[in-house]
Amino acid sequence: MPELAEVEHYRRRWAVAVGERVERVFLNAEKRVFRGVDTAALVTGLAGERMVEARAHGKQMYYRFGERQWLGVHLGMTGKLFCVEPEAAGEKHDHLRLVLDSGRVLVFQDSRMFGRVLYAACEGLPEWLQGLPPEVLSDAFTFEQMDAFLDCRAGAPIKAVLLMQGVFPGVGNWMADEILWRARVAPMVPAGRIGRRKRREIFACLQAVCRDAMRVIAPDWSRPPEDWLFNHRWRDGGICPRTGRALRRESIGGRTTCWSPAWQCYRG
DNA sequence: CTATTTGTTTATCC
DNA sequence: AGGATAAACAAATA
């Protein structure tokens, strides 16, 4: 489920441990979420260290312990982070558990295991945090950059382009649909066929959807207002809140896409 | 039983 | 070469 704002929500669930020390680490090294990770080094490296930083960049979260212990978490499709009381029972898909000095436990749970854990012990940023693109809500994310990228991916449907994490970090399936719905652009339109004026609208809607999602979802996972596409998109028979007509669901760019044909009339 | 899934990586085809 | 697309990953849910 996790896109930009859901990731931020989960980041905060572990951020309650900032200032606390890790007493012990439990994990099952065989699980796919640890693919490529030196789990033995992770277990010994984090033990005794204090969490000093809890951050997210797009869908990639990372926590720093002490001066040189870095733990990365990506939630994939079904990953979750939470903090439980000492007496809480473990659950089936708990893959990583950090027991704090207070007794509370930070848990990473992921049933489908498309998520992953990363680990590094180094002075500066680990290589997997270097060269990240500007975050979509930062000043460094500019229209000119988006404009150039749409030309670079001119043949791909705009829906697929918005999902590319190298330029739109954090944008996921429902956010891409929400953006195109607000901008009134049909999702299968090739990016290169979108004119400059409409690109300006897409840019503004992109920022607005990210900002709104952060405000509504990140603090407590509130249900978005009914005038978002969000509440209508999941089930068959959904109705467009703007037109009152049926939403359509089809596969575009390899992903299930929900859109409102009468409303999203821009075809480039 | 089958079909579906809010993500990413790898393979394959142009 | 490089962009576009499909497949694979895995388990829960309908």
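Below, chain A is the first sequence line, B the second, and so on; all start at residue 1.
Backbone-only engagement by A:Thr256 is indicated by non-hydrogen atom pairs under 4.0 Å involving sugar-phosphate atoms exclusively. Residue A:Pro190 is out of contact with every strand shown, counting any heavy-atom pair closer than 4.0 Å. At a threshold of 4.0 angstrom between heavy atoms, the contacts of A:Lys31 with the nucleic acid are absent. Within the 4.0 angstrom heavy-atom criterion, only backbone atoms of the sugar-phosphate kind lie near A:Gly76; the bases stay farther away. Using a 4.0 Å heavy-atom distance criterion, A:Met77 is classed as a base contact.
If you take CD of A:Gln60 and P of B:dT9, they are 10 Å apart, rounded to a whole angstrom. Summarising the geometry, the separation between CD on A:Glu6 and P on B:dT5 is reported as 17 Å, rounded to the nearest angstrom. The interatomic distance linking A:Trp128 (CH2) with B:dT8 (C1') rounds to 17 Å, in whole Å. Taking atom NZ on A:Lys80 and atom P on B:dT6, their separation rounds to 14 Å, with Å as the unit. Between the CG atom of A:Leu163 and the C1' atom of B:dT9 there is a distance of 15 Å, rounded to whole Å. Here C:dA11 presents its C1' atom at 12 Å from CD of A:Gln109, a figure rounded to the nearest Å. Between A:Met113 atom CE and B:dT5 atom C1' the separation is 16 Å, expressed in whole Å. Between the P atom of B:dT6 and the CD1 atom of A:Ile179 lies a distance of 15 Å, rounded to the nearest Å.
Annotation: of the two residues near DNA chain B, A:Arg116 and A:Pro2, the 5′-most nearest-nucleotide partner is A:Pro2.
Ring orientation note: the planes of A:Phe203 and A:Phe141 are close to parallel, at an angle under 30° on the 30°/60° scale. Using a 30° and 60° split on the angle between ring planes, A:Tyr62 and A:Trp70 fall in the tilted class, from 30° to 60°. Aromatic ring orientation, A:Tyr63 versus A:Phe65: tilted (interplanar angle from 30° to 60°).
Contact annotation: A:Arg153 reaches the phosphate of C:dA4 (side-chain N/O to OP1 or OP2, under 4.0 Å). Side-chain N/O atoms of A:Gln165 include one lying less than 4.0 angstrom from OP1 or OP2 on B:dT8. In terms of phosphate contacts, A:Lys92 brings no side-chain nitrogen or oxygen within less than 4.0 Å of OP1 or OP2 of C:dA11. Side-chain N/O atoms of A:His74 include one lying less than 4.0 angstrom from OP1 or OP2 on B:dT8.
Centre separation under 5.5 Å together with a plane angle under 30° holds for the ring of A:Phe114 and the six-membered base ring of C:dC9, marking them as stacked.
One P atom belongs to B:dT4, the other to C:dA6, and the distance between them is 15 Å to the nearest Å. Rounded to whole Å, the separation between the C1' atoms of B:dC1 and C:dC9 comes to 22 Å.
In this structure, CZ in A:Phe230 is found 10.5 Å from CE in A:Met175, a value given to the nearest 0.5 Å.
Using a cutoff of 4.0 Å between basic side-chain nitrogens and carboxylate oxygens, A:Glu20 and A:Arg104 are scored as salt-bridged.
Considering only the side chain of A:Arg249, B:dT5 comes nearest among B:dT6, C:dT5, B:dT5. When each of B:dT8, C:dA12, C:dA4 is scored by its nearest atom to the side-chain atoms of A:His93, the top-ranked nucleotide is C:dA12.
With hydrogens and angles disregarded, a donor-acceptor distance shorter than 3.5 Å links the side chain of A:Glu178 to the backbone of A:Leu229.
In a base pair of the Watson-Crick type (N1 to N3 plus N6-O4 or O6-N4) or a G-U wobble (N1-O2 and O6-N3), with each distance short of 3.5 Å, B:dA3 is matched with C:dT13.
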